[in-house]
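First the proteins, then the strands, lettered A, B, ... as listed; each starts at 1.
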Protein chains: 2
Amino acid sequence: MNNAGPTGANSRYSLRKHPKQQRSVATVTAILDAAARILTESGYATASTNRIAERAGVSIGSLYEYFPGKEAIFGELRRREALKAYAELMARPRLENPRDGIRHIVGSRLRWMRRNPTLYAALESEVPRQAIAEVEADIVEDFMAASLAFLEAHQDLLRPSVELRFLAEFLMHAVSATANTYGLRRPERLDDPQLEQAMVEMVERYLLKDG
Amino acid sequence: MNNAGPTGANSRYSLRKHPKQQRSVATVTAILDAAARILTESGYATASTNRIAERAGVSIGSLYEYFPGKEAIFGELRRREALKAYAELMARPRLENPRDGIRHIVGSRLRWMRRNPTLYAALESEVPRQAIAEVEADIVEDFMAASLAFLEAHQDLLRPSVELRFLAEFLMHAVSATANTYGLRRPERLDDPQLEQAMVEMVERYLLKDG
DNA sequence: CTAGTATCCGTGCGATCGCTCAGTTTTCAT
DNA sequence: ATGAAAACTGAGCGATCGCACGGATACTAG
């Protein structure tokens with residue numbers, strides 16, 4: 001999986017310096033937590049660097065010790081949340097039947113969204129795109145690979161269709177976008193089992209041979 | 001269809017005053033055009049009121065004559081774009097067969113997105129939600145009604161399913177979200193007929209009885 | 001213990017932001 | 001032609017923003 005890591009090229013949108021001692025690790029996570037809380041509670045517009053630092057219980061100087069700019073904070077936040085989602089998706093025994101696989105993929109996405117709909121909605125929909133574009137590209141790549149691997153593993157049970165790459169991308173985007181939209185505009189519905197069922201059925205009927 | 005109109009309750013997010021002469025109508029549209037262009041070219045973060053006014057060839061004072069605040073500009077912009085999309089969706093003879101109907105709904109959404117993917121992506125994903133929440137609620141209501149009417153008209157050909165209201169909402173969100181996501185992350189794909197075909201097939205197979 | 005490095009601090013600068021207001025110009029009804 | 005209403009103007013205010021910087025403090029390796 002993609003991971004810039006400590007040797008990754010430095011960018012306007014990633015960490016300027018990697019914390020080495022435990023207290024600085026704590027500082028960085030405090031900053032990210034504060035950013036997430038402010039973003040959740042009152043939106044990107046109110047999330048100034050000074051306010052984030054204050055809320056994190058850290059001086060503004062420390063913040064700029066580790067982040068090259070405001071946008072990098074949200075880029076890093078996005079990256080860490082994506083890592084959790086990816087881990088959850090992958091924590092699964094291989095070689096299951098396709099129906100269980102589809103249920104797992106859809107369920108995993110919805111579970112992730114349910115954990116903090118407001119935060120993810122805000123990350124997707126208020127943070128300037130350039131701030132998280134790099135991270136997003138990496139994420140999409142990883143999820144695409146997983147999606148493609150899943151389809152290849154069950155190719156014989158799929159309806160004849162266009163290229164698998166297109167299908168993998170379409171599947172990923174449709175599931176992801178629908179989950180996002182419900183998180184954004186109808187967070188209550190996320191807990192409705194009908195929603196999960198509908199998404200699973202839609203994907204199943206589109207992908208799989210009848211019977 | 002919902003329309004606050006000249007007598008609508010004034011709000012932080014709608015017009016403060018309605019233009020009566022032709023030049024002021026032109027002023028308002030110039031402001032909205034400028035806002036759209038700046039949003040498209042360089043994002044919400046750079047779309048300051050001063051810059052919008054300057055780009056519109058209008059003084060900052062005139063801007064605040066008609067808009068109670070920055071966010072109202074984008075709320076109004078969203079409303080006008082939605083009206084066009086709604087008109088396009090509705091400009092259709094009634095009583096078609098469900099397959100043509102699905103193709104029209106999906107096609108209409110994609111056509112809209114194709115017209116200016118960057119603008120619509122930015123509107124959906126960078127403008128603070130509160131700025132367009134009211135407008136969005138009205139839009140969703142109108143499209144929901146259209147979606148529900150469509151399903152009711154062809155109820156006999158639908159697979160047995162949950163309540164139609166849930167189905168209408170799900171259909172609308174799935175189609176809309178998928179189109180948005182492609183506009184946001186893969187605008188090139190919007191012109192690929194495979195995408196339209198995939199969306200149509202997915203919806204058809206989910207909604208309709210086999211055969 | 002000490003030298004060197006990592007971390008933290010917070011004042012405050014320059015820029016920009018959203019927006020007001022007092023005044024001028026244009027249009028319209030009569 | 002004239003008065004009122006509508007529209008337009010732009011200097012500039014107070015607040016806030018992102019962020020640099022110079023120096024204090026905590027930690028670690030030797």
Side-chain angles (χ1 to χ4, degrees), chain A residues 6 10-35 38-39 42-77 126-128 130-131, chain B residues 6 10-35 38-39 42-77 126-128 130-131:
Chain A
N10 50 350
S11 140
R12 285 191 54 200
Y13 305 115
S14 54
L15 284 178
R16 143 183 296 169
K17 197 171 78 177
H18 278 79
K20 310 201 164 180
Q21 303 177 5
Q22 7 158 346
R23 55 180 179 144
S24 54
V25 171
T27 296
V28 168
T29 63
I31 291 168
L32 293 172
D33 285 354
I38 294 174
L39 185 60
S42 41
Y44 186 81
T46 72
S48 72
T49 53
N50 283 295
R51 195 140 102 87
I52 292 171
E54 185 191 1
R55 184 69 158 273
V58 156
S59 94
I60 183 67
S62 291
L63 188 153
Y64 279 97
E65 196 78 28
Y66 298 100
F67 295 95
K70 179 185 176 177
E71 299 185 317
I73 300 171
F74 295 93
E76 184 65 20
L77 181 59
E126 280 193 45
V127 175
Q130 48 176 357
Chain B
N10 51 348
S11 142
R12 284 191 54 199
Y13 305 115
S14 54
L15 283 178
R16 144 183 294 170
K17 196 171 78 177
H18 278 79
K20 310 199 164 182
Q21 303 176 5
Q22 12 159 345
R23 56 180 178 148
S24 54
V25 171
T27 296
V28 168
T29 62
I31 291 168
L32 293 172
D33 285 355
I38 294 174
L39 185 61
S42 43
Y44 186 80
T46 72
S48 73
T49 51
N50 282 294
R51 196 139 102 88
I52 291 170
E54 185 192 0
R55 183 71 158 274
V58 157
S59 92
I60 182 65
S62 290
L63 187 152
Y64 280 96
E65 196 79 24
Y66 299 100
F67 296 95
K70 179 185 175 174
E71 300 184 316
I73 299 171
F74 294 93
E76 184 64 20
L77 181 59
E126 280 193 46
V127 175
Q130 48 176 0

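Neither OP1 nor OP2 of dC19(D) sits under 4.0 Å from any side-chain N or O of Thr49(A). For the pair Ser48(B) and dT16(C), the criterion of a side-chain N or O lying under 4.0 Å from OP1 or OP2 is not met. A close approach under 4.0 Å does not occur between any side-chain nitrogen or oxygen of Ser59(A) and OP1 or OP2 of dG10(C). One finds a side-chain N or O of Thr27(A) lying less than 4.0 angstrom from the OP1 or OP2 phosphate oxygen of dC8(C). Taking only side-chain nitrogens and oxygens, Ser62(A) comes nearer than 4.0 Å to OP1 or OP2 of dC9(C). Between Tyr66(A) and dT7(C) there is a side-chain polar atom (N or O) within less than 4.0 angstrom of OP1 or OP2.
Both tests do not hold together for Lys70(B) against Tyr64(B): distance to the six-membered ring centre under 6.0 Å, angle to the ring axis within 45°.
Taking atom CG of residue Leu63(A) and atom P of nucleotide dC17(D), one finds them 13 Å apart after rounding to whole Å. Atom OH of Tyr64(A) is separated from atom C1' of dG12(C) by 14 Å (rounded to the nearest Å). Atom OH in Tyr44(B) sits about 12 Å away from atom C1' in dC17(C), given to the nearest Å. If you measure from atom NE2 of His18(B) to atom P of dA7(D), you get 12 Å, rounded to the nearest angstrom. What separates CD of Glu54(A) from P of dC19(D) is a distance of 18 Å, to the nearest Å. In this structure, the CD1 atom of Ile60(B) is 18 Å from the P atom of dA7(D), given to the nearest Å. Atom NZ of Lys70(A) and atom P of dC17(C) are 13 Å apart (whole Å). Rounded to an integer number of Å, the gap from Arg16(A) CZ to dA20(D) C1' is 9 Å.
Position along DNA chain C of the nearest nucleotide to Thr46(B) versus Gln22(B) favours Thr46(B) as the more 5'-ward residue. Taking for each of Asn50(B) and Arg23(B) the nucleotide of DNA chain C with the nearest heavy atom, the 5'-most of the two is the partner of Asn50(B). Nearest-nucleotide mapping onto DNA chain D: of Pro68(A) and Gly61(B), the residue sitting toward the 5' end is Gly61(B).
Taking the ring centroids of Tyr13(B) and Phe74(B), they lie at or beyond the 6.0 Å cut-off.
Within 4.0 Å of Gln21(A), counting heavy atoms only, lie sugar-phosphate atoms of the nucleic acid but no base atom.
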After noting the C-alpha distance and the side-chain angles of Arg16(B) and Ser11(B), does the key distance pass the side chain to side chain donor-acceptor pair (under 3.5 Å) rule?
CA-CA 8 Å; Arg16(B) 144 183 294 170; Ser11(B) 142; over 6 Å; no

Quick one: do Leu63(B) and Thr27(B) satisfy side chain to side chain contact (heavy atoms under 4.5 Å, CB included)? Show the steps, please.
CA-CA 8 Å; Leu63(B) 187 152; Thr27(B) 296; over 6 Å; no

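In the set dT7(C), dT20(C), dA20(D), the nucleotide with an atom closest to the side chain of Pro19(A) is dT7(C).
Side-chain contact between Thr49(A) and Phe67(A) is absent, with no heavy-atom pair separated by less than 4.5 Å.
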